[in-house]
Amino acid sequence: MIPAPFGPPVRAGRVLLRMMSAADIDDVYAYQGRDDVCRYLLFEARTREQVAEQVARHAASTVLAADGDYWQIAVVLPAGSEGTERVIGDIYFTLKSRENLAGEIGWTFHPDFRGRGYATEAASAVLRRAFAELGLHRVIAELDPRNDASIALCRRLGMREEAYFVKDLMFRGDWADTGIYAILDVEWAARSAIAG
């Protein structure tokens with residue numbers, strides 16, 4: 001199924017997944033501009049101008065065809081009583097190896113929307129697509145082992161801890177550890193069969 005365009009928006013439980021657009025800049029800046037959100041990320045809190053540059057780049061990255069191609073997917077809370085939709089986070093998905101049918105997933109969410117299951121719904125939909133539509137064999141999540149919320153999300157998704165690298169990454173002027181979580185297509189299929 002590769003190359004694979006992202007295509008039209010996809011419903012994932014209570015949220016909508018779609019490609020980012022210039023209209024999302026303020027919503028994305030509302031969380032990517034925060035130090036607490038970026039604490040475990042590979043970038044510092046961004047200015048609005050930096051967010052605008054990143055959103056423009058992400059909006060143009062719509063097809064997975066070669067190693068390193070990625071989707072930066074907006075997780076959107078549909079319009080409610082206030083009448084406007086809101087980007088509450090994003091899911092990163094990249095094709096790590098076309099030859100080995102491997103991908104990588106990551107996520108960032110606004111703190112005001114954590115703990116409500118939105119990340120689980122969004123990431124589950126992306127994993128479902130990775131295995132069922134893209135035909136991938138394996139998907140990993142690479143994270144800071146101090147990030148308890150991301151580890152908990154990995155476990156909810158059925159991902160298992162596969163590796164723990166000690167002081168393998170220079171991170172903001174000091175050596176940091178890296179955790180690797182992973183799930184295989186057969187593991188995802190077994191989970192999906194149990195879930196019904």
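All figures in this text were calculated on a predicted structure; none of them were measured in a lab.
The main-chain N or O of Ile91 is never found under 3.5 Å from a side-chain atom of Trp107 such that the two would form a donor-acceptor pair. Here the side chain of Asn147 pairs no donor or acceptor atom with the backbone of Asp144 at under 3.5 angstrom. A donor-acceptor pair is defined here as one N or O able to donate and one able to accept, closer than 3.5 Å; no such pair exists between the side chain of Gln32 and the backbone of Tyr29. When atom types are taken as modelled, the side chain of Asp27 and the backbone of Val87 share a donor-acceptor pair closer than 3.5 angstrom. For Arg172 (side chain) and Phe43 (main-chain N/O), a donor-acceptor pair under 3.5 Å exists by modelled atom type. Of the possible polar contacts, none joining the Arg146 side chain to the Tyr40 backbone as a donor-acceptor pair under 3.5 Å is found. Between the side chain of Arg191 and the main chain of Leu157, a donor-acceptor pair closer than 3.5 Å is present. Checked by atom type and distance alone, the side chain of Arg98 pairs as donor or acceptor with a backbone atom of Ala65 at under 3.5 Å.
Taking the ring axis of Phe6 as reference, the NZ or CZ atom of Arg129 stays within 45° of it and closer than 6.0 Å to the ring centre.
Salt bridge annotation for Glu162-Arg160: present, with a cationic side-chain nitrogen under 4.0 angstrom from a carboxylate oxygen. In summary, Asp26 and Arg86 do not engage in a salt bridge, as defined by a charged side-chain N under 4.0 Å from a carboxylate O.
Taking CZ from Arg34 and CZ from Arg39, the interatomic distance works out to 13.5 Å, rounded to the nearest 0.5 Å. Remark: Thr47 OG1 to Glu53 CD distance equals 7.0 Å, nearest 0.5 Å. Of the inter-residue distances, the one linking Phe165 atom CZ with Trp175 atom CH2 reads 14.0 Å to the nearest 0.5 angstrom.
Residues Arg138 and Ile140 meet the side-chain proximity criterion, which asks for heavy atoms closer than 4.5 Å.
Aromatic rings of His58 and Tyr70 (six-membered ring for Trp) have centroids within the 6.0 Å cut-off, being under it.
With no hydrogens or angles considered, a side-chain donor-acceptor pair links Tyr31 and Asp90 at under 3.5 Å.
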